[in-house]
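Here is the naming used below: chain letters follow the sequence lines, and residue numbers restart at 1 for every chain.
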Amino acid sequence: MKFGVIVFPGSNCDIDCFHAVKDALGHEVEYIWHDTEELDGFDCIILPGGFSYGDYLRCGAVARFARIMDAVRTHAAAGKLVIGICNGFQILTEAGLLPGALVRNKNLKFICDTVPLRVETTDTPFTSLYKKGEIINIPIAHGEGNYLVDEDTLKKMKENGQIVFTYVDNPNGSMENIAGVCNEQKNVLGMMPHPERACEEILGNTDGLRLFESIIAAVESESVISAQAVKNRHTGTRRKSAMETSRSKPIAFTQKEELLHD
Amino acid sequence: MKAKVYVTLKKSIADPQGNAIQNALRKLGYTNVEEVRIGKLIELDLGDITADEANAQLVKMCEGLLANTVIEEYKFELC
Amino acid sequence: MKAKVYVTLKKSIADPQGNAIQNALRKLGYTNVEEVRIGKLIELDLGDITADEANAQLVKMCEGLLANTVIEEYKFELC
Amino acid sequence: MTKPYEAVGLTEKEYKKIVEYLGREPNELELNMYGVMWSEHCSYKHSRALFRHFPTSGKRVLQGPGENAGIIDIGDNLAIVMKIESHNHPSAVEPYQGAATGVGGIIRDIFAMGARPIALLNSLRFGDIENSERVKYLVDGVVAGIAGYGNCIGIPTVAGEVYFHDSYNGNPLVNAMCVGIIEHDKIFRGNASGIGNSVMYVGAATGRDGMGGASFASVELTGESEEKKSAVQVGDPFMEKLLLEACLELLETGSIVGLQDLGAAGLTSACCETATRGEGGMEIDVLKVPRREKGMLPVEVMISESQERMFLIVEKGREEEVKRIVEKWGLHAVTIGKVTGNGRLIVREGDKIVADVPAYSLDSSGAPRYYREYEEPEYYSELKQLDLAAIPEPGDYNKTLMELLTSPNLCSKEWVYRQYDHMVRTSTVVKPGSDAAVLRIRGTRKGIALTTDCNSRYCYLDPRAGSAIAVTEAARNLVCSGAKPLAVTDGLNFGSPEKPDRFWQFREAVTGIGEACRELDTPVISGNVSFYNETETQAIYPTPIIGMVGVIEDIDKHCTMHFKDEGDIIILLGETRDEPGGSEYLARIHGLERGVVPRLNFGLEKKLQAFILSAIEKGLLKSAHDISEGGLAVAMAECCMERELGAKVQLETPLRTDAVLFSESQSRFIITCSPEKLVELRQLMAQQEIPHEILGEVGGEELKIDVNGKNIVVLKVKDMKEAWRGAFGCLMS
Ligand SMILES: Nc1ncnc2c1ncn2[C@@H]1O[C@H](COP(=O)(O)OP(=O)(O)O)[C@@H](O)[C@H]1O
Ligand SMILES: [Mg+2]
């Protein structure tokens with residue numbers, strides 16, 4: 001299983017995503033320069049947060065034209081996983097890979113905080129290890145995270161289970177409290193909150209880990225490895241991450257164990 | 001050839017920035033102000049091309065980059 | 001009375017946004033684009049006042065709130 | 001008629017000195033170059049002579065003052081690079097862009113040393129927010145500008161301070177600090193060494209904006225400065241992000257000999273400073289400098305302060321390699337000149353020589369130096385008088401405490417730091433809201449703690465004592481986080497040095513900082529001076545901001561100020577004295593800004609700091625918080641907030657109740673420990689002869705304070721928190 005983190009000029013959460021996958025999860029990950037033409041060998045592509053091209057004009061407006069975006073489209077069309085976080089989400093909507101648009105926060109200010117989110121569906125490759133309706137705390141840091149979409153599309157998205165995360169206390173005016181959505185096929189996720197900032201005990205929060213673990217589980221169960229092997233491998237990964245982060249904390253671990261035994 | 005592009009939020013979309021300015025103006029005593037909406041003005045120097053070429057380019061630029069037609073409308077004029 | 005206010009950066013002031021968009025347009029193949037500058041378009045509904053009153057108000061609004069004349073200049077028109 | 005030298009801010013005597021250097025009259029370009037370089041902002045001509053009061057060396061100091069930034073060793077081949085810089089005047093006229101470009105400038109100073117910037121801090125002072133729309137506008141713009149730049153470039157803004165006082169009505173202060181990390185063997189300096197090496201230019205094109213910004217910063221704000229408006233510019237954090245990444249990549253190649261940011265006084269400063277640190281000479285051609293506008297004169301190119309530009313000294317023959325790397329980042333590098341050994345700074349316009357001066361003569365080594373007259377101001381002894389007996393005690397201490405908690409200076413600054421991305425780079429272990437920010441250093445067990453501090457009311461009442469207190473308070477904030485204080489960067493904001501009473505304040509402050517830094521063994525490794533922060537009628541309170549860094553050897557052993565668990569024991573360290581002078585309580589509740597500022601006893605201070613560090617390291621403490629503005633009661637309330645945990649404490653005292661609760665006696669801390677650790681902790685306190693008092697315990701939903709057996713304060717933590725958190729937003733609306 002290999003993750004790829006796309007680096008646009010102005011990306012700045014690229015290193016955070018990279019380290020979350022590599023250090024906290026112990027998985028393989030590579031940076032991918034925006035000028036690259038193909039994405040062979042990657043299972044999950046992360047479009048990281050930041051300010052691609054300064055976010056000038058509109059967030060994500062210029063990045064959507066980067067050469068790599070054709071490959072991202074192909075990758076998504078093949079049913080492989082793509083996740084856009086914050087600026088990555090904005091880029092995916094600008095590129096038409098996800099519906100809707102992200103506009104200025106209602107209070108017109110950038111907001112950096114850790115906020116509670118509700119997991120609306122576990123029926124995606126990104127959320128299978130959470131519980132439906134579970135409340136998790138994930139950092140946000142954005143000035144334009146106010147999600148907008150037309151009523152018809154919203155209706156379809158709801159029917160389809162495309163609303164993945166919602167805010168418990170809406171910080172930015174987002175329609176229907178939406179924090180994260182996926183496409184119809186459920187292999188492309190966009191979310192404003194930053195799960196990569198919630199993967200280590202030393203940072204005081206590990207609620208984001210299961211998102212990445214869900215991805216790994218999804219990819220690995222697709223491949224030839226048996227379900228049992230997945231579980232073992234996961235347990236292994238877990239131990240490693242507990243060792244690497246400076247303090248071990250069992251909470252997320254036991255929850256996940258329970259879920260795996262479900 | 002020079003052009004001006006005006007990008008505005010669609011009528012149906014709330015404009016919190018416009019509201020904030022409206023409130024500020026009212027606070028300053030301009031109680032007659034009934035609505036404020038904020039858009040973008042993009043001034044382009046398109047170099048040495050004809051008006052026809054410019055018109056064609058501008059439509060493509062606006063649709064592709066300068067406006068997000070999910071939420072915005074655009075108008076332009078050559079000058 | 002409705003009005004449109006155009007706020008732009010003074011000519012001598014760098015416009016990083018405009019530069020970035022110019023570069024983006026050139027990369028997209030519009031190599032003829034020589035300059036891009038980005039400003040604000042503010043549409044106001046001033047309610048039931050005369051053109052003279054509107055003109056007087058607009059100057060004050062622009063100087064006081066809508067533009068910072070340290071780096072920006074403004075123009076407006078009634079419509 | 002104004003003389004040509006007056007137009008560039010120089011005196012007749014200074015002009016004569018230039019003629020002496022040149023052996024002839026300077027031409028217009030040369031005169032302008034001297035004008036900007038000999039401004040206070042670039043030459044420190046009024047302040048330099050006093051800097052000998054600062055300790056600037058030490059075992060850990062790898063780079064003291066004099067470079068783009070200071071460097072302090074944190075062990076394991078790693079070092080911290082830091083510097084603070086003011087952007088007061090630009091922020092006063094265009095708050096968003098003024099503050100934003102201030103952040104941009106200080107970041108360039110850090111990566112010019114070859115370091116990766118990892119954190120930003122900001123120290124802000126504004127006028128009376130309760131009675132001025134203008135102040136609100138400034139706060140809004142400044143905070144948004146800092147956020148706009150820092151968030152975009154992806155460097156977390158992790159700490160800072162915001163204070164309000166009438167003295168800043170006409171002159172807000174915006175000081176930005178940047179901290180970077182570097183390996184010892186990768187430190188770069190702005191040296192133009194190696195005769196024949198190329199001088200290259202990367203980044204934004206040079207425009208007419210920011211003309212004479214350095215001299216702009218060195219004059220009082222009058223109607224006239226409105227005319228110099230163009231000294232404000234628009235920041236481009238995206239360009240700076242590209243520059244940053246490109247420069248750090250370039251440094252890895254070994255092709256770069258020296259690196260310098262183009263800051264105040266633009267190309268002129270970069271040329272003469274790198275030349276004097278290197279071979280002594282340089283030759284550049286203004287026609288080769290990328291320009292944004294047509295028809296720019298050589299003088300405009302040479303003194304423009306356009307943002308987001310860097311200056312490289314490149315090994316001869318490797319220019320193409322440099323260009324290639326820079327182009328990968330979407331930027332262009334051009335060769336504009338070369339290093340020479342003849343000691344001259346020669347500026348050409350094509351074939352024509354347009355300026356030819358001894359390089360060192362422009363630099364601070366050649367600039368004039370003044371030792372200004374000083375005089376103790378009249379207010380100094382007058383304001384020491386304080387008749388406590390004439391001050392009525394509050395009838396309702398609940399009300400008084402709430403009033404303090406919701407006052408502009410003591411309320412939560414969450415409204416501010418919520419706009420700053422303080423988590424990007426996922427290394428922020430303690431976020432804004434505790435005594436200091438704590439960052440882990442990836443790949444090691446280490447962490448660093450960062451803070452800025454200054455109580456300018458103390459500094460007004462007693463600049464020397466107040467400045468020493470600023471240094472010790474900064475150190476206390478680090479120690480409470482579990483960090484050993486290492487070094488200081490100072491942002492000295494004062495009125496006009498040409499007025500003897502203001503210069504006295506400056507002189508006293510510098511002495512006080514020097515004393516405290518020596519006592520605490522925290523050398524000053526970099527800093528900034530901003531004079532002329534005054535209007536026709538009013539000077540700011542002296543505001544020497546202390547930025548400090550400390551190291552934590554094991555990041556798991558960091559500490560915060562927040563109460564952690566029910567039943568934990570609350571202990572007060574230090575001695576509470578009858579010292580209400582200069583307190584927030586007197587100012588806010590009684591409208592009095594006078595009295596003797598609290599006494600500082602370095603012996604006790606050092607003993608307590610050492611004790612807290614050792615107790616945290618031994619894992620004995622659950623929380624630690626220093627007592628500062630607002631005194632014991634406010635400090636106690638602050639500890640309750642984060643986890644909404646109450647406390648019950650009893651105080652026994654012969655002092656007046658308001659003095660016990662609100663006086664700001666120095667060298668005091670509130671610590672907590674779990675009941676199981678109490679015995680061990682008491683042994684340690686006894687061993688080290690630590691004055692202390694066990695006050696009570698953590699728990700419940702209320703903060704309850706009894707004094708001499710009588711209940712004085714009982715407040716629901718929820719209510720306190722709501723009011724304290726919401727107060728800033730209320731002020732702004
Ligand atoms: N302008 C600011 N930017 C970032 N953080 C800030 C700012 N102002 C205050 N803070 C944070 O709020 C907390 C309280 O600030 P302050 O009361 O000044 O602390 P102290 O009295 O301990 O020095 C600190 O964590 C500080 O870093
Ligand atoms: Mg403190």
Side-chain angles (χ1 to χ4, degrees), chain B residues 1-11 15 17-67 72-77 79, chain C residues 1-11 15 17-51 53-68 72-77 79:
Chain B
M1 185 61 67
K2 297 195 177 186
K4 287 186 182 175
V5 177
Y6 307 96
V7 180
T8 49
L9 281 174
K10 286 184 180 168
K11 280 273 151 353
D15 178 8
Q17 208 187 347
N19 294 343
I21 293 191
Q22 182 185 345
N23 289 338
L25 286 171
R26 284 168 161 269
K27 252 198 190 166
L28 290 176
Y30 304 103
T31 46
N32 55 308
V33 178
E34 284 177 9
E35 197 184 4
V36 180
R37 296 192 59 93
I38 311 284
K40 281 176 219 154
L41 160 63
I42 307 168
E43 299 173 302
L44 297 123
D45 182 344
L46 295 174
D48 206 13
I49 59 173
T50 66
D52 280 353
E53 287 168 336
N55 280 318
Q57 276 201 353
L58 284 164
V59 172
K60 276 199 267 168
M61 284 180 185
C62 287
E63 294 279 337
L65 177 67
L66 301 181
E72 293 169 328
E73 320 177 307
Y74 63 88
K75 268 199 305 208
F76 58 80
E77 63 194 29
C79 45
Chain C
M1 185 61 67
K2 297 196 177 187
K4 288 187 180 172
V5 177
Y6 307 95
V7 180
T8 50
L9 284 172
K10 286 184 180 168
K11 278 274 142 15
D15 178 5
Q17 257 206 95
N19 290 343
I21 300 309
Q22 180 187 346
N23 288 338
L25 285 170
R26 283 167 163 270
K27 269 213 190 127
L28 288 179
Y30 305 103
T31 46
N32 55 308
V33 178
E34 284 178 8
E35 198 182 5
V36 179
R37 296 192 60 95
I38 301 197
K40 270 182 256 171
L41 159 64
I42 307 170
E43 299 173 302
L44 298 122
D45 182 343
L46 295 173
D48 204 14
I49 59 173
T50 67
E53 288 168 336
N55 279 318
Q57 277 201 352
L58 284 164
V59 171
K60 279 198 265 167
M61 285 178 183
C62 287
E63 293 279 338
L65 181 75
L66 301 181
N68 181 354
E72 293 168 326
E73 41 195 32
Y74 63 87
K75 267 199 306 207
F76 57 81
E77 64 193 26
C79 45

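The parts of B/Leu25 that come within reach of chain C are both its backbone and its side chain, each placing non-hydrogen atoms under 4.5 angstrom from that chain.
Remark: of the listed residues B/Arg37, B/Gln22, B/Glu34, B/Glu34 is the sole one forming a side-chain contact (heavy atoms from CB on, under 4.5 Å) with C/Asp45.
Among C/Ile42, C/Val7, C/Asp48, the residue making the largest number of heavy-atom pairs under 4.5 Å with chain B is C/Ile42. Taking chain C as the reference chain and counting heavy-atom pairs below 4.5 Å, the highest number among B/Lys60, B/Lys4, B/Lys2 is found for B/Lys60. By number of non-hydrogen pairs under 4.5 angstrom with chain C, the leading residue of B/Gly64, B/Gly47, B/Gly39 is B/Gly39. Of the residues considered (C/Val5, C/Leu41, C/Thr8), C/Leu41 shows the highest number of contacts with chain B, using heavy-atom pairs under 4.5 Å.
No more than 12 heavy-atom neighbours from other residues, nucleotides or ligands sit within 6.0 angstrom of NZ on C/Lys27.
A donor and an acceptor atom, one from each side chain of B/Asn32 and C/Glu53, are nowhere located under 3.5 Å apart.
In this structure, B/Ile21 CD1 and C/Lys40 NZ are separated by 6.5 Å, a value rounded to the nearest 0.5 Å. Between the OH atom of B/Tyr30 and the CG atom of C/Leu65 there is a distance of 8.5 Å, given to the nearest 0.5 Å.
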